[in-house]
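A note on names: the letters A, B, ... follow the listed sequences, proteins ahead of strands, and every chain is numbered from 1. Because the structure is predicted, anything quoted here is derived from the model rather than measured.
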Amino acid sequence: DAGVIQSPRHEVTEMGQEVTLRCKPISGHDYLFWYRQTMMRGLELLIYFNNNVPIDDSGMPEDRFSAKMPNASFSTLKIQPSEPRDSAVYFCASSLSGRGGNQPQHFGDGTRLSIL
Amino acid sequence: AQSVTQLGSHVSVSEGALVLLRCNYSSSVPPYLFWYVQYPNQGLQLLLKYTTGATLVKGINGFEAEFKKSETSFHLTKPSAHMSDAAEYFCAVRDDGGATNKLIFGTGTLLAVQP
């Protein structure tokens, strides 16, 4: 079975540029999560969707960050304009609804983002 | 509010020795607990989970964890460490704020295995 697929795996760009990260969740999963991981702050939940609807975006750091899920098989996380402090590894994860949160999240391999 | 505490950000063991990674949680509802492993340059991979039923849970790669309600703990163990176990390990608890499937992660424990 295909897991969560993220692209690109690596992205290097200059400050001020727009960055778009992409995620394809596991087929049939109705929850999708975006995380950011850094040495300083660890693993942070940015936003998550249920049935393509954003449920909680309280972790999105600033208005420069936006996320969309136009359909059940695709989501994007966009940073515009990008800044050096946005450099991190960004993970996408998906899960089934299950019962009361008993289903695990399945993670992609991440996008390593470097803003110069 | 619920939380997860992982004692020891770095743990070092010798190959063949017991692995013990500690996790304590707080939750206002019966907890669902998870352990994940992260190898370099990879995403988090589920090792095992506890939701209901048997309190001793077996996972992949020879790991197991025991849910102890009285101690609010969910420690991860492996009888004999292998070099390939070197990775970062994360404990997580289900969010109890009504948001299903959202997890609260600990800060992680980096496991080193010495030859």
Side-chain angles (χ1 to χ4, degrees), chain A residues 2-10 21 23-26 29-51 53-59 88-113, chain B residues 1-6 8-10 23 25 27-54 57 59-60 63 65 67 74 87-110:
Chain A
V4 175
I5 299 172
Q6 293 187 246
S7 63
R9 286 299 312 277
H10 303 272
L21 311 181
C23 175
K24 177 179 171 57
I26 293 172
H29 283 194
D30 48 2
Y31 277 88
L32 184 138
F33 304 82
W34 282 101
Y35 292 88
R36 178 171 69 176
Q37 187 177 40
T38 61
M39 290 290 290
M40 291 296 293
R41 301 174 68 91
L43 192 65
E44 303 173 274
L45 176 64
L46 301 178
I47 185 172
Y48 75 97
F49 296 81
N50 180 216
N51 292 322
V53 176
I55 302 301
D56 182 356
D57 66 354
S58 60
V89 181
Y90 290 81
F91 289 104
C92 176
S94 69
S95 71
L96 290 166
S97 291
R99 189 172 62 187
N102 67 349
Q103 293 298 310
Q105 295 179 19
H106 299 262
F107 284 73
D109 282 336
T111 294
R112 184 172 297 275
L113 178 64
Chain B
Q2 68 279 26
S3 65
V4 173
T5 302
Q6 292 185 240
S9 59
H10 291 79
C23 173
Y25 70 91
S27 178
S28 60
V29 299
Y32 292 165
L33 296 155
F34 305 81
W35 274 101
Y36 284 84
V37 60
Q38 184 180 26
Y39 298 103
N41 299 315
Q42 294 186 24
L44 280 68
Q45 178 184 355
L46 180 70
L47 270 179
L48 50 79
K49 68 175 184 178
Y50 168 79
T51 54
T52 58
V57 180
I60 62 172
F63 284 94
F67 169 61
F74 191 56
E88 189 157 23
Y89 292 79
F90 293 89
C91 182
V93 66
R94 172 190 60 161
D95 177 82
D96 62 6
T100 60
N101 289 53
K102 180 180 174 181
L103 296 178
I104 307 301
F105 283 89
T107 53
T109 297
L110 190 62

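Distance check: A/Leu43 CG to B/Ile104 CD1 gives 10.5 Å after rounding to the nearest 0.5 Å. Taking NZ of B/Lys102 as the start and CD of A/Gln105 as the end, the distance is 10.5 Å to the nearest 0.5 Å.
Heavy atoms from other residues, nucleotides or ligands lying under 6.0 Å from CZ of A/Arg41 number 12 at most.
Interface residue A/Leu45: only side-chain heavy atoms are found under 4.5 Å from chain B. Looking at A/Asn50, neither its backbone nor its side chain comes within 4.5 Å of chain B, counting heavy atoms on both sides. Contacts of B/Tyr36 with chain A are made by side-chain atoms alone, with heavy-atom separations under 4.5 Å and no backbone atom involved.
With sequence neighbours left out, the side chain to side chain contact (heavy atoms under 4.5 Å, CB included) criterion links B/Ala92 to B/Phe34, B/Leu103, B/Phe105. In this structure B/Gln38 satisfies the side chain to side chain contact (heavy atoms under 4.5 Å, CB included) test together with A/Gln37, A/Phe91, B/Leu44, B/Glu88, B/Phe90, sequence neighbours excluded.
Side-chain N or O atoms of B/Lys49 include one that pairs as donor or acceptor with a backbone N or O of A/Asn102 at under 3.5 Å.
Counting all heavy atoms, side chain and backbone alike, B/Asn101 lies closest to A/Phe33 at O-CZ, 3.2 Å. Shown here for B/Gly43 and A/Asp109, the closest heavy-atom pair between the two residues is N-OD1, 3.4 Å.
With hydrogens and angles left out, the side-chain atoms of B/Asn41 and A/Arg112 include a donor and acceptor closer than 3.5 Å.
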